[in-house]
Amino acid sequence: MNLVLLGPPGAGKGTQANLICEKYKLSHLSTGDLLRMEIANKSEIGVKAKQIIDEGKLVSNDIIISIIKSFFNNNKNSSGYLLDGFPRNTEQAKLLDKLMLELEDKISCVIQLDVEEKHLKERILSRGKEEGRSDDNEKTLLKRLETYFNETMPLIKYYEEANLLKKVIGVGEIMHINQSINSIIDHL
Ligand code: ATP
Ligand code: MG
């Protein structure tokens with residue numbers, strides 16, 4: 001089983017991803033987490049990515065490809081994957097389709113976590129205080145939202161047309177949202 005989590009910054013993708021991966025024994029691919037690891041290690045990719053992330057833009061597809069490749073190489077015998085933060089634009093979605101063909105596998109479902117903008121700002125700013133992520137500030141958030149609307153939102157239609165999209169309201173108790181997601185997965 002391979003799942004994709006789709007949603008704006010602050011939608012709760014990471015939180016739900018951890019719960020889903022634990023329950024269904026999936027390997028968690030978070031491109032955001034992997035990029036932050038590159039930044040912490042001050043690698044070549046990390047140095048390039050830091051500036052772009054702090055501007056609220058998407059890092060280049062070349063960087064994403066190299067990160068994705070090493071993730072799949074390191075998680076070869078996995079029973080399934082949960083993709084969090086990838087794909088984020090149409091080119092990446094097409095890349096994922098190609099990758100699934102190569103693995104002789106398919107996307108089982110794309111779960112869209114739907115959260116209104118007013119909640120996102122609150123969540124991101126409080127996370128900024130707690131975790132100190134340099135892109136969790138008001139100015140970068142505005143740009144991240146714009147990037148989401150322009151580049152990532154088209155994927156909703158892309159996956160709707162592929163009959164893969166399931167929408168979940170991402171507001172309320174974490175465990176309640178998690179139950180809605182679990183019931184979708186259990187019916188796949
Ligand atoms: P949240 O952590 O709340 O889910 P988010 O989705 O904006 O918010 P991450 O997924 O951690 O945060 O991504 C942080 C940043 O890393 C993005 O704003 C972007 O610059 C970069 N990034 C992450 N994944 C990708 C990707 N697939 N393609 C391009 N850039 C990416
Ligand atoms: Mg995240």
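Quick caveat, the model's predicted, so the values are computed rather than measured. Numbering of ligands and ligand atoms starts at 1, following listing order.
Contact check on R36 versus D33 returns a salt bridge, with a Lys/Arg side-chain nitrogen under 4.0 Å from an Asp/Glu carboxylate oxygen. Residues E161 and K157 are paired through a salt bridge, judged by an N-O separation under 4.0 Å between the basic side chain and the carboxylate. K57 and E55 are joined by a salt bridge, as a carboxylate oxygen and a charged side-chain nitrogen come within less than 4.0 angstrom of each other. Here E146 pairs with K143 in a salt bridge; the nearest charged N to carboxylate O distance falls below 4.0 Å.
Look at G10 and you'll find a heavy atom under 4.0 Å from some atom of ligand 1. No heavy atom of R123 sits closer than 4.0 Å to any atom of ligand 1. At least one heavy atom of I53 sits less than 4.0 Å from an atom of ligand 1. Contact analysis leaves E55 out of contact with ligand 1, as no non-hydrogen atom separation drops below 4.0 angstrom.
In this model, a donor atom of one side chain and an acceptor atom of the other lie less than 3.5 Å apart for N182 and N178.
A distance of 8.5 Å separates CG in L188 from OH in Y24, rounded to the nearest 0.5 Å.
Nearest protein neighbour of atom 24 (N) of ligand 1, counting heavy atoms only, is T31 OG1, 2.8 Å. Among all protein heavy atoms, the one lying closest to atom 5 (P) of ligand 1 is R88 NH2, 3.3 Å. Of the protein's non-hydrogen atoms, the one nearest atom 26 (C) of ligand 1 is I64 CD1, 3.4 Å.
More than 12 heavy atoms of other shown residues, nucleotides or ligands fall within 6.0 angstrom of atom CD in E102.
Of all non-hydrogen atoms in T152 and R88, the two that sit nearest each other are OG1-O, 2.8 Å.
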Quick one: do T140 and D135 satisfy side-chain hydrogen bond (donor to acceptor under 3.5 Å, both in side chains)? Show the steps, please.
CA-CA 6 Å; T140 308; D135 58 342; over 6 Å; no
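Backbone and side-chain nitrogen or oxygen atoms of D135 are examined, and none is located within less than 3.5 angstrom of a nitrogen or oxygen of ligand 1. Ligand 1 has a nitrogen or oxygen under 3.5 angstrom from a nitrogen or oxygen of Q92.
Close approach of ligand 1 to K13 is summarised as follows: ligand atoms under 4.0 Å from at least one heavy atom of the residue are 4 (O), 6 (O). For ligand 1, the atoms closer than 4.0 angstrom to any heavy atom of R36 are 11 (O), 14 (C). Counting atoms of ligand 1 from 1 in the listed order, those under 4.0 Å from a heavy atom of V59 are 29 (C), 30 (N). Which parts of ligand 1 touch R144 is read off a 4.0 Å heavy-atom cut-off, strictly below it: atoms 5 (P), 7 (O), 8 (O), 12 (O). When each atom of ligand 1 is checked for a heavy atom of K57 under 4.0 Å away, the hits are 19 (C), 20 (O).
Checking N61, L155, T147, I64 one by one against N89, the side-chain contact (heavy atoms from CB on, under 4.5 Å) holds for a single residue, N61.
Here atom 1 (P) of ligand 1 lies nearest to R127 when heavy atoms of K143, E91, K50, R127 are compared. Taking only non-hydrogen atoms, the option from E151, R133, E131 nearest to atom 12 (O) of ligand 1 is R133.
Screening residues 7-24 for salt bridge (Lys or Arg N to Asp or Glu O under 4.0 Å), with sequence neighbours left out, gives no hits.
The proximity of L35 to ligand 1, defined as any non-hydrogen pair under 4.0 Å, is limited to the side chain.
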